[in-house]
Amino acid sequence: MNERVAVEALTEDQARDELGRLADILARANTAYHGDDAPEMSDADYDAFKQRNAAIEARFPHLKRADSPSDQVGADPVEAFGKIRHAVRMLSLSNAFEAEDVVDFDRSIRSYLNLKADAPLAYTAEPKIDGLSLSLRYEAGRLVHAATRGDGVTGENVTANARTIDEIPTRLTDAPEVLEVRGEVYMSHADFEALNARQTDRGQKTFANPRNAAAGSLRQLDAAITKARPLRFFAYAWGEVSAPLADTQMQAIDRLGALGFAVNPLTRLCRSVDEMIAHYRRIEDQRATLGYDIDGVVYKVDDLALQQRLGFRSTTPRWAIAHKFPAELAWTRLDGIDIQVGRTGALSPVARLHPVTVGGVVVSNATLHNEDYIAGRGAKGEEIRGGKDIRVGDWVQVYRAGDVIPKVADVDLSKRPEEAEPYRFPDTCPECGSPAIREEGDAVRRCTGGLICPAQAVEKLKHFVSRGAMDIEGLGAKQVEAFYHDDHLPVTEPADIFTLRARDAENLSKLANRDGWGETSAKNLFQAIDEKRIIPMARLMFGLGIRHVGEVAAEDLARHYGGWAAITTALDAARPAALAHRAADEAAEAERQVAQDEGRRARVSDARNAALAEADIPPRAAEAWADLINADGIGPVMALSLSDAFANDHERAAIDRLVAELTEIEPPESRATDSPVAGKTVVFTGSLEKMTRAEAKARAEALGAKVAGSVSAKTDLLVAGPGAGSKAKKAAELDIETIDEDGWLTLIGDA
DNA sequence: GTGCCTCGAGTTCC
DNA sequence: CTCGAGGCAC
């Protein structure tokens, strides 16, 4: 396989020959695999052949054979990379931009661990490589797969490509039975420039920066191309390990080095924040001469036992932080301001810039957030950019926040054209002309058109098919938008997606005969849609795109109600209470206004209570409402938003039409953790000696328990340390099980 | 009522 | 990735 010609360099004749050969090889491999017990080809080779076949077909679509292996079951040229679920999640890091943030980081760690300010606590400091992270899984010392970070939970299988990287060993000696090594794939400056020169010679497109070159090279369908690209790898972390690597981060890195991985030579042990900052400055000084891109310095708590105690927040470890270098800045001219309309109707201004290079990328658009951001003055009169507003024609300073999102940092007033006028933010929707209203206290202005507004309707549909929601293969944002405007097969609401197949069957002009479509792709689309007729309840809930209900809230709701019928019934029952609470909020707001005008103190809660009393809410409604807003993670704002969506005739009818198309709405998996405290409500009281309060809470929650602050009838377990007072007494009165700290540690198996 | 922390919704470029 | 805002603990 190694002496194969890169797909990019194949002639048409060669490609035709090779497609024939690959069809043959893969067909035989399939027979061998399904017929015998002993497949003649390794999975890795099989994948590599299949990927190469797909890559050649992608370059010469007209050469695709009728018996193409891409069309066989389980093969999909678009999804050439399989998915791999990480055994241990790949998280991102929280960021520090100032030395002060690093001081805060150290302080919060000490507070979490209950360490005094002068107690010894060491950190490692290492350059943060600007590449892409990769997880390498070794079993019995052999590389079994390599996966990109993806969304942190599931990544793409790039094993065949990773194997071609010299600095990634395919075999390890003296390694734990299972070892996941994590690190960064990158390209050096010299190799990047040589690659771009070669690309230019061949008349192919060049890369904007080494990171893009590395990412592009790793994601090649054809591993032969990856092999020809000089990628490198630094190891700096690990995922699942069957035996501990070491006791400290520093030792673990040394161990990875001993196993044959490249580890960064600038990794240092620091014993204070001052030493960390000093090392940061040293690395910053060397930045230009390192020969590869870095974008900051990463600090990690050195002691691995402490790392374990610190654990994780939702998406980041508590024990590490990235100290970023200041972002690169560039000046350019603001050519115009456009308004985009999102799925909630939010009008978002976008700056159209005279293209300028910032941090190795040409930027021509930048976010302007909202009306106040352009005006340079917030709702409460506070200054933004020193109070300077932004006008079309201005010279503006641009940077990429987090090295990604372009933003406008400053305006050069001395270069402002005389005729430049303050930007007038539209008060009607540019897409549908409906009034655009800014609610009191809100930063955003929203189109009031609802689904009448084509922009909102399309964005809502895009959200419906997005990754966290229906996630229909072959039906992305682009296709949905096309179908929305389609004359023969229009899709204007979610239910329409599920009637596509039936409508296409009745149409004279078939989808399969259109440009860009064929028998196979139409068949695949309909099949992918049908697969989603069985959908987890939380995905459906999220997909509806109800304001304030995101992925997490949807999951919370599904858990709380346990089924689709239960939630619709509850929302219908709670409707009178929802209306009464909205009226009460309005009464309270009115009172606040009146009181302000009259210069007296507002009696907000009195006004609210009076309104509620007057509303005379039926008990069943009050109960359903209370149950809803007391659900975990759900408050009055989300509850009202949900109630509105389900009570609105049009919206409800659309939801019901959608549900009628579905086969099954799967109830959420009950969180059946094996821990004895899963699902229990636990209260900690008294002083804890082996852990801090924050730690105990985080640990209990990780095991599926709920931690409350006070003892009530809902409490299942009280953990009482020395000095426990009223809470222990109350628990005794309520006959609630009470144990001490050691008892708790034994119970959860941490003793 | 105040101050975290987490979540939602917005955005760019390849 | 960041900002604003909702939820919740103090």
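The sequence lines fix the lettering, A, B, ..., with proteins before strands; numbering per chain opens at 1. These figures come from a predicted structure and were not determined experimentally.
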Between B:dT11, B:dA9, C:dG7, which one does the side chain of A:V637 approach most closely?
C:dG7

Which part of the nucleic acid, if any, lies within reach of A:V444 when heavy atoms closer than 4.0 Å are counted: base, sugar-phosphate only, or nothing?
nothing

A:A553 vs A:A208, nearer the 5' end of DNA chain B by closest nucleotide:
A:A553

Take the protein atom CG of A:N630 and the nucleotide atom C1' of C:dG7, then report the distance between them rounded to whole Å.
12 Å

Looking only at the side chain of A:V361 (C-beta and beyond, no hydrogens), which of the listed nucleotides B:dC14, C:dG4, B:dT12 gets closest?
B:dC14

Mind calculating the distance between CG (A:L544) and P (B:dA9) to the nearest angstrom?
12 Å

Considering only NZ, NE, NH1 and NH2 on the basic side and carboxylate oxygens on the acidic side, decide whether A:D293 and A:R211 come within less than 4.0 Å.
no

Would you say a side-chain N or O of A:K407 is under 4.0 Å from OP1 or OP2 of C:dC3?
yes

Nearest of B:dT12, C:dT2, B:dC7 to any side-chain atom of A:V552?
B:dC7

Spacing of A:I634 atom CD1 relative to B:dC7 atom P, expressed in whole Å:
11 Å

Does atom CD (A:Q593) have a neighbourhood of more than 12 heavy atoms from anything else shown, all under 6.0 Å?
yes

Picking from C:dC1, B:dA9, C:dC8, which would you name as closest to the side chain of A:D632?
C:dC8

CZ of A:R352: more than 12 outside heavy atoms within 6.0 angstrom?
yes

Between B:dC13, C:dG7, C:dT2, which nucleotide has the shortest distance from any of its atoms to the side chain of A:S364?
B:dC13

I want to check one thing: is the phosphate of B:dG10, taken as OP1 and OP2, less than 4.0 Å away from some side-chain N or O of A:T367?
no

Candidates C:dG7, B:dT12, B:dT11 - which lies nearest the side chain of A:M638:
C:dG7

Taking the six-membered ring where the residue is Trp, are the ring centres of A:H189 and A:Y292 under 6.0 Å apart?
no

By nearest atom, which of the nucleotides B:dT11, B:dC13, C:dG4 is closest to the A:N370 side chain?
C:dG4

From CZ of A:R547 across to C1' of C:dG7 the rounded distance in Å is 16 Å

For A:L557 and C:dG6, what is the distance between atoms CG and P respectively, to the nearest whole Å?
16 Å

Side-chain atoms of A:V363 come closest, of B:dG10, B:dC13, C:dT2, to B:dC13

Are any of A:R343's side-chain N or O atoms less than 4.0 Å away from OP1 or OP2 of B:dA9?
yes

Listed nucleotide nearest any side-chain atom of A:Q340, set B:dT12, C:dG7, B:dA9:
B:dT12

With heavy atoms under 4.0 Å as the rule, sort A:Y373 into base, sugar-phosphate or nothing.
nothing

Among C:dG6, B:dG10, C:dC3, which nucleotide has an atom closest to any side-chain atom of A:H548?
C:dG6

Nucleotide C:dG4, atom P - distance to CD1 of A:I384 in whole Å:
8 Å

Of A:F207 and A:I546, the one whose nearest nucleotide on DNA chain B sits closer to the 5' end is A:I546

Between A:H369 (NE2) and C:dT2 (C1'), how many Å, whole number?
7 Å

How many Å lie between CG on A:D556 and P on C:dG7, as a whole number?
11 Å

Taking the six-membered ring of A:F464, is NZ or CZ of A:R343 closer than 6.0 Å to its centre and within 45° of its axis?
no

Please check if the distance between the ring centroids of A:H463 and A:F542 is under 6.0 Å.
yes

